[in-house]
**Q** 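This is the structure I want to talk about, given as structure tokens.
Residue numbers begin at 1 in each chain, while the letters A, B, ... track the order of the sequences. It should be emphasised that the depicted structure is a prediction, and the values quoted were computed from it without experimental measurement.
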Number of protein chains: 2
Amino acid sequence: MRYSTRLSVATHILLCIALLGGEHKTTSAFLAGSVGVNPVVVRNVLGQLKAAGIVSVEPGVGGASLAREPERISLLDVFRAVEGQEGLFRLHDNPNPECPVGRNVHAVLGKSLAAVDDAMEAQLAATTLRELMDATSEREAMRYRG
Amino acid sequence: MRYSTRLSVATHILLCIALLGGEHKTTSAFLAGSVGVNPVVVRNVLGQLKAAGIVSVEPGVGGASLAREPERISLLDVFRAVEGQEGLFRLHDNPNPECPVGRNVHAVLGKSLAAVDDAMEAQLAATTLRELMDATSEREAMRYRG
DNA sequence: GTATACTGTAATGTCAACAGTTACAACCGA
DNA sequence: TCGGTTGTAACTGTTGACATTACAGTATAC
């Protein structure tokens, strides 16, 4: 089982706002057209990003903008905003407490899996929106240079 | 969305085989009793572990055993056996190729997410079944020492 | 050789999460 | 007030996990 596409969608939205916000009014309909999903999906994701303090959305008039500099928005921030704080793995529910393995497996395995969670989050935190913006601009420039 | 409990179940099964295999015949029914799941679930997971070369299962007579030393079985081996090789994250399906963000987002974001996958796998690879066995034994010993 | 116990696997049912969509109230600027 | 937009609720289809039943295949014990 894998994560949903929400991190991917949210990152795409943020890149659009950051890179195209000057030229276009970034409404949910405009963003939905770039991402390729329903505008309601965009509005829901924007709601999560807004609750996390990553974007500001203008009700009524429409449009979204970054709430802080892209250098200070990491993939971990986005990930937590859209996927919540729960760990990556789930432990099974009913290990038998009368078995020497069953009564210890959650404690023993949980420690190792928490380390895996930490490693994943550290790597997510290592990428900022600014880097993704630059990489996108670079690829666009390549496109025209050949 | 999070992974299923299969890694947790599979690890529990392996610990039972490794630590209790001497005293008990580790049939799917016995293992199911410790893990707290249906015996068919155990047989399915054992089938995946067998396909990955981690355990041997005796058809007919019954019982499973490790196919190699616990020092050489890492959580990454178990993870790949039961969860497959797919990456952790999914990219959204239909970014708009006419948008400068849409036509680059998969390449740009995919690189960062691959690094996250690698970090997760490296941390999973850092824990062996032997370490989990020792930690379990240690906790059991604590139980009686007080 | 037959009974017994176990594995391997298919089929089915339930449940939860994701994602797409429609609908509509609330909001704001012209 | 009107038109465009956001914020949400509700409904639907799809997918995957997990539990369970059922049964064919296999190996040992007698």
**Q** Whole Å only: how far is the NE2 atom of A:H92 from the C1' atom of D:dC18?
**A**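 It is 14 Å, rounded to the nearest whole Å.
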**Q** By the ring-ring contact (aromatic ring centres under 6.0 Å, His included) test, which pairs, at least two apart or in different chains, include something from residues 122-142 of chain B?
**A**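 Applying ring-ring contact (aromatic ring centres under 6.0 Å, His included) to every pair that reaches into residues 122-142 of chain B, excluding sequence neighbours, yields nothing.
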**Q** Between A:E121 and A:R80, does at least one N-O distance fall below 4.0 Å, as a salt bridge requires?
**A**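 Answer for the salt bridge query: yes.
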**Q** Mind calculating the distance between CZ (B:F30) and P (C:dA5) to the nearest angstrom?
**A**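 The distance from CZ of B:F30 to P of C:dA5 comes to 18 Å, rounded to the nearest Å.
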**Q** What is the distance, rounded to the nearest whole Å, between atom CG of A:D93 and atom P of D:dA17?
**A**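 Spelled out: CG on A:D93 to P on D:dA17 is 16 Å.
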**Q** Please confirm whether the shortest side-chain N or O distance from A:T5 to OP1 or OP2 of C:dA19 is below 4.0 Å.
**A**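 Checking C:dA19 against A:T5, a side-chain N or O does come within under 4.0 Å of OP1 or OP2.
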**Q** So which of B:I54, B:V45, B:T5 actually passes side-chain contact (heavy atoms from CB on, under 4.5 Å) with B:V82?
**A**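 Answer after filtering B:I54, B:V45, B:T5: B:V45.
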**Q** Can you check nucleotides 4-11 of chain D for protein contacts, nitrogen or oxygen pairs under 3.5 Å, and list what you find?
**A**
from	atom 1	to	atom 2	distance (Å)
D:dG4	N2	A:G60	O	3.1
D:dT6	OP1	A:S28	N	3.2
D:dT6	OP1	A:G63	N	3.3
D:dT6	OP2	A:S28	N	3.3
D:dT6	OP2	A:S28	OG	2.6
D:dG7	OP1	A:K50	NZ	2.6
D:dG7	N7	A:R43	NE	3.0
D:dG7	O6	A:R43	NH2	3.2

**Q** Within this structure, what is the CG-to-P distance between B:L31 and C:dA5, rounded to whole angstrom?
**A**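 B:L31 atom CG is separated from C:dA5 atom P by 18 Å.
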**Q** Quick one: A:N38 CG to D:dT12 P, roughly how many Å, whole number?
**A**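 In whole Å, D:dT12 P and A:N38 CG are 17 Å from each other.
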**Q** C:dC18 C1' sits how many Å from B:L91 CG, rounded?
**A**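 After rounding, the reported distance stands at 16 Å.
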**Q** Assign the ring pair B:H92 / B:H106 to parallel, tilted or perpendicular, where the plane angle (0 to 90°) is split at 30° and 60°.
**A**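 B:H92 and B:H106: perpendicular rings.
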**Q** Name all residues meeting the salt bridge (charged side-chain N to carboxylate O under 4.0 Å, His left out) criterion together with B:R43; count only those two or more places apart in sequence or in a different chain, and write none if there are none.
**A**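 None.
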**Q** Charged N to carboxylate O under 4.0 angstrom, A:D77 versus A:R68?
**A**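 Counted as a salt bridge, because a side-chain N and a carboxylate O are separated by less than 4.0 Å.
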